[in-house]
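Working notes for the structure below.
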Amino acid sequence: MSDHERSSESESQTISRRAAIKKTVNAGLAAGAVMSAPSWVLPALAQGEELVPFSDMPEDYSRPPARPGGTHFLDTRQISSDSFYTDNQDFYVVQHYGQPELDLSSYRLQITGLVDNPVEYTLADLQAMPQFDLDAGFECGGNRPLGIFQGLIGNANWRGVRLRDLLEAAGVQPEGKEIVFFGGDIGVEEIRETEVEQAFARSLPVADAMRDVNMLALQMNGEALPQGHGRPVRLLVPGFYGVANVKWLTQIHVQDRRYMGRFMGRDYVTLKKERVGDQERWVENSVTRINLKSAIVRVSRMADEFTITGFVLNDGTPLQSVEVKIDDGPWQRAEIDPRSSQYSWKLFSMPWSNPDAGEHTIVSRVTDANGNVQPAQSELPEKVSRWENFGQMPRTLVIS
Ligand SMILES: Nc1nc2c(c(=O)[nH]1)N[C@H]1C(S)=C(S)[C@@H](COP(=O)(O)O)O[C@H]1N2
Ligand SMILES: [Mo]
């Protein structure tokens, strides 16, 4: 499906897709439930349960503590049945120009450009509008297995105003093609040997911006949006990599051409070899929808019963299955957390009884309802940029 076809998908298709994922996830649960006791009712580490170290991780692995104003990543071994929602204090934090402190009483969100009614909202205006809430998980487009073990990831319940309501009130003119979202954070960029001030910004084509799930989020897990996550307002584009979710949002601008700023045109741009018609070409694309991805992050042990846990992220397409392979064994179906919804992360688990002592390699793969299978690293196209790491990720551990 091309991006264009995806973005012009009608409301009714969106709704039926959402109904479909409910069914698919429930079906996955029913199938898994026959094979194993549901693990989701267990606390993070039950009494007598212990984490089994991965041998692909340094023995003294630890991540730096969260610092106000800094970046932060999850220790993904701590993702368990208890952590469907990532704590606000532990949700990963990434920004490129530092964290601006916006004054809430003078805060304004402007809507400008090719609109019938340019407008400025105060925070109180936004808070007084109808709100909706949605579970959404996402990862940084630069998330990776090595070093940080997939830590640039999180899942939360978000609450805020529907972006489409604001765009409709503003009245996007027919010449408006692209919607640009500016943050209040400003950095200096050297472009063509000239130093210029730039705000962090990302853009969406009008059709993508009009999706009914896009939110101007004011709350995260029931609290006012924390400073590190964009206080007081951030854009949330469910199903997209984190870079789309502009924090400290101050301006929405409608224009008749592509926005080419650093984070659309130069950075967060993946370079890979692809077939274009019957030609093989090196293609650059900006990081947008989350590729179909699963990864194992945790193995726990209770006597001789082991549990393998991992996560799935994608663009919201319903899933068919998540499977785990141990050494050269068959792919075995894992159980998907029934709390999963279309844009949340989907945690999965699989019991592993009485493994043999010695080193083992375990790997997961996810298949979506359209039959797309998460590829092995060796099946991925040649790629030279560090964005969009979604191939299968084998992990190793030693059972003693
Ligand atoms: N204003 C602003 N928004 C931003 C960024 C930024 O640098 N400035 N970084 C983006 C990137 S690259 C990511 S991965 C996500 C991280 O969101 P989080 O810190 O809430 O997890 O924010 C996005 N939104
Ligand atoms: Mo990112």
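One-based numbering, in listed order, for ligands and for the atoms of each.
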query: Does any N/O atom on V94 come nearer than 3.5 Å to any N/O atom on ligand 1?
result: yes
query: Closest non-hydrogen protein atom to atom 11 (C) of ligand 1, residue and atom name please, with distance?
result: V243 CA, 3.6 Å
query: Would you say R266 has more than 12 foreign heavy atoms packed within less than 6.0 Å of its CZ?
result: yes
message: Counting non-hydrogen protein atoms only, what is the nearest one to atom 7 (O) of ligand 1? Give residue, atom name and distance.
response: H96 N, 2.8 Å
field: Side-chain heavy-atom pair E388, V287 within 4.5 angstrom cut-off
entry: yes
- prompt: Does any N or O atom in H229 lie less than 3.5 angstrom from one in ligand 1, N or O only?
  reply: yes
- line: The atoms of ligand 1 lying under 4.0 Å from a heavy atom of N245, numbered in the order shown, are 22 (O), 23 (C), 24 (N)
task: Please state which part of L249 comes within less than 4.0 Å of ligand 1, counting heavy atoms only: side chain, backbone, both or neither.
output: neither
query: Any Lys/Arg nitrogen of D304 or R301 sitting under 4.0 Å from an Asp/Glu carboxylate oxygen of the other?
result: yes
message: Could you tell me, atom by atom, which parts of ligand 1 come under 4.0 Å of a heavy atom of Q95?
response: 6 (C), 7 (O)
- prompt: Which protein heavy atom lies closest to atom 3 (N) of ligand 1, and at what distance to 0.1 Å?
  reply: K247 N, 2.8 Å
message: At under 4.0 Å between heavy atoms, is it the side chain or the backbone of W248 that contacts ligand 1, or both, or neither?
response: side chain
message: Any salt bridge linking R365 with E323? Criterion: basic side-chain nitrogen under 4.0 Å from a carboxylate oxygen.
response: yes
- prompt: Do any heavy atoms of Y268 fall under 4.0 Å from ligand 1?
  reply: yes
query: Is a side-chain donor-acceptor pair under 3.5 Å present for E197 with Y97?
result: no
- request: Can you label the angle between the F263 ring and the H96 ring as parallel, tilted or perpendicular, going by 30° and 60°?
  value: tilted
- line: A student checking ligand 1 against V246 at a 4.0 Å heavy-atom cut-off should list atoms 3 (N), 24 (N)
- line: Logged contact type for D185 with ligand 1, heavy-atom cut-off 4.0 Å, is side chain
message: Distance under 4.0 Å to a non-hydrogen atom of C140: what atoms of ligand 1 satisfy this?
response: 14 (S)
- prompt: Is there a chain of hydrophobic side chains (I, L, V, M, F, W, Y, each step under 4.5 Å between heavy atoms) that links L51 to M302?
  reply: no
- request: Return the residue, atom name and 0.1 Å-rounded distance of the protein heavy atom closest to atom 4 (C) of ligand 1.
  value: F200 CE2, 3.5 Å
task: Please determine, by modelled atom types, if T112 and Q251 share a side-chain donor-acceptor pair under 3.5 angstrom.
output: yes
query: Nearest to atom 17 (O) of ligand 1, what protein heavy atom do you find, and at what distance?
result: R234 NH2, 3.0 Å
task: Answer yes if the side chains of N285 and K272 hold a donor-acceptor pair under 3.5 Å, and no otherwise.
output: yes
message: Tell me whether the count of non-hydrogen atoms from other residues, nucleotides or ligands lying under 6.0 Å of CZ in R67 goes above 12.
response: no
query: Between R202 and ligand 1, which part of the residue brings a heavy atom under 4.0 Å of the ligand: side chain, backbone, both or neither?
result: neither
Y92-ligand 1 polar pair, N/O distance under 3.5 Å: yes
query: Which residue and non-hydrogen atom of the protein lie closest to atom 15 (C) of ligand 1, and at what distance in Å?
result: G242 O, 3.3 Å
query: Side chain or backbone of F91 under 4.0 Å from ligand 1, or both, or neither, by non-hydrogen atoms?
result: side chain
field: Atom pair CD1/OH of I252 and Y121 - distance to nearest 0.5 Å
entry: 9.0 Å
- prompt: Can a cation-pi geometry be assigned to R162 and F132, taking NZ or CZ under 6.0 Å from the six-membered ring centre and within 45° of the ring axis?
  reply: yes
